[in-house]
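What follows is a short report on a single structure.
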Amino acid sequence: MKNKVFVTGVGMVGPCGNTAGAFWDGLLSGRNYMTPLQLEGTVGEAPPFAGQVSGMEPEQVISKRLFKKCSRFSVMSILAAKDAMDDAGWDLGTMSRERIGIFVGNNSGGWESARNGLRVLHNEGAPFIDPNLASNWFPAAAQGHMSLAFGIKGYSKTVIADRSSGLLAIAYAARALRSGIIDAAIVGGAETPLDPWALSFYNSEGLLNLKADSPETAYRPFVAARSGIALAEGAAFLCLESERSLRKRESTGRVRASIQGFGFTNDGQESAPHQESVTQYARAIRLAIGHSEIQPEQIGYLSLDGAASSRQDGIECAAIQEVFGGSASDKWAGCPKTSFGNTIGAAGAFDVALSVLAMNHGQLPGLPYLAESAPDNDLNFVAGSSRRVSVESSLILSRGRGGVSSALVVKGEGL
Amino acid sequence: MVFDQVKAIIEDIGIEEEITEASRLYEDLALDSTELALVSTGLAKTFGIFIEGKALRAYSVGQVMEAIALKA
């Protein structure tokens, strides 16, 4: 029998708030959390707005000694992971840390550390480079720093797959739990792309909205006025547990949701023809549903990738139509990150975390900008700041550059 | 004066234990290889003295002060 995998905790650090509770309340307020982006040393055009994190209190969780070793995305990861563990009621002292894993989705690592290191190399010479650079600039650094922060020693992985990184990390963690390698995992994603280097990179890919004249127009997928994504920094983590782990700590165990099926496909070619991308995206969705215990009609909420380009939005909507046909309009569709920005490697983790909270609260985050722009497709978007709807299961979608498609089905559980 | 400067370099790493001249960097303060390299960089910047992080593993704070005095 397949081992079930449960979500027992949710934690977040992001533009809407530095705990999952604060983030959720902020998001549902309907406020837009993108703020003017002012960075020194940016090469070329820079996006005018981004979702930025302020007010973190790392000294509450991270020792001064470890903090010195960490890049910003590691700090956010540790704080969001602690928030998730507190939500789950984890007492690491009573759990086997060798049976807990860490899975992180990330795309660009600690760019600010790498950039500072190169600046020192150029200006002062190699002996003066911060030796912490050797272990804090790359995407797997957050996984290592989380291990140091919490003493977690189980099977762990970091996944780099553009905007699909977060979903893939969750899927790999669920697979490790199902196989019995570990009993529990802290899993999610972190990204800090608001750095001149990172912006140069994302700019060269043509992903960013460089033309927005207000936060409200910075990120608007699925409408004709779309013009690219707005970036955000942040981290979102979940506590996943097997039934065995829940049984062991039944006095404190609480279940928010269960991880169902996962699908992952590639287009298999650069700039694939539209229909081939639709076919592969649809295949990822079918795989996810096929590996789930639920039926397609039980999915009530679609959490979308929202690349905000006419090609990518068109592929996403067409894939959904291909899988669900006429019943697609019976499901609610949303893209909560339009209110705070796209966290790239963490985006899938934020989307899963918010979908879990939405199912638990019976309230779906909306797309406030739809009040002024009508969608150019047939999906049934949640308009306004939110809508009170009870949803049984959610389908969370992510795409990545190069034709990566991923889909995850999550079922809400009674708290 | 020199002691205070060396102490500040070590404290900047985040070491919260009491630091005396007798404190050994590895044995007593438990500095790891990265932290020893940070002390090496700090000594180079502050005193213009280069002691490899690996070598600092065997040093006490007092021995670091002696090395600085020899260089001066």
Side-chain angles (χ1 to χ4, degrees), chain A residues 56-79 82 109-110 112-153 158, chain B residues 2-61 63-72:
Chain A
M56 284 192 295
E57 295 180 339
E59 64 279 3
Q60 303 289 325
V61 178
I62 308 172
S63 72
K64 191 179 167 193
R65 203 165 167 177
L66 179 57
F67 182 75
K68 284 276 179 182
K69 298 175 190 282
C70 292
S71 291
R72 186 170 169 82
F73 84 117
S74 287
V75 171
M76 288 182 180
S77 297
I78 293 168
L79 296 182
K82 179 68 166 64
E112 82 282 7
S113 298
R115 184 171 50 79
N116 285 335
L118 273 183
R119 185 176 50 74
V120 171
L121 176 67
H122 180 73
N123 293 335
E124 301 174 44
F128 299 101
I129 293 175
D130 181 347
N132 286 314
L133 180 62
S135 57
N136 70 8
W137 69 268
F138 54 97
Q143 174 196 317
H145 289 136
M146 290 166 74
S147 171
L148 291 175
F150 303 117
I152 291 174
K153 301 170 184 171
T158 294
Chain B
V2 172
F3 171 74
D4 289 337
Q5 288 173 292
V6 174
K7 187 178 172 209
I9 289 169
I10 298 169
E11 285 177 338
D12 191 49
I13 296 169
I15 305 301
E16 290 169 332
E17 288 82 359
E18 187 189 1
I19 298 168
T20 67
E21 288 191 24
S23 302
R24 291 169 295 178
L25 302 187
Y26 177 72
E27 293 289 338
D28 298 328
L29 301 177
L31 300 192
D32 63 25
S33 59
T34 308
E35 291 166 337
L36 289 168
L38 272 172
V39 172
S40 173
T41 304
L43 293 174
K45 280 183 178 171
T46 309
F47 301 106
I49 179 173
F50 286 91
I51 309 174
E52 273 195 25
K54 258 188 283 184
L56 280 172
R57 188 180 158 114
Y59 278 58
S60 68
V61 171
Q63 287 169 319
V64 170
M65 293 166 63
E66 286 170 20
I68 293 166
L70 280 175
K71 201 259 177 186

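FYI, side chains are in, hydrogens and waters are out, and symmetry mates aren't considered; it's all heavy atoms of this structure. Here is how names work: the chains are called A, B, and so on, in the same order as the sequence lines, proteins then strands, and each is numbered from 1.
- Of the two parts of A:K64, the backbone and the side chain both hold a non-hydrogen atom closer than 4.5 Å to a non-hydrogen atom of chain B.
- Heavy-atom distances place no part of A:L66 under 4.5 Å from chain B, backbone and side chain included.
- A salt bridge is defined here as a Lys NZ or Arg NE, NH1 or NH2 lying under 4.0 Å from an Asp or Glu carboxylate O, and B:E35 with A:K69 meets this definition.
- The shortest distance between side-chain heavy atoms of B:I15 and B:E11 does not fall below 4.5 Å.
- The side-chain heavy atoms of B:I10 and B:L25, taken from C-beta on, include a pair separated by under 4.5 Å.
- Put simply, of B:S40, B:G42, B:A30, the one with the most heavy-atom pairs under 4.5 Å next to chain A is B:A30.
- With a 4.5 angstrom heavy-atom cutoff, B:L31 touches chain A via backbone and side-chain atoms both.
- Side-chain atoms of B:S23 never come within 3.5 Å of backbone atoms of B:I19 as a donor-acceptor pair (strictly under, hydrogens ignored).
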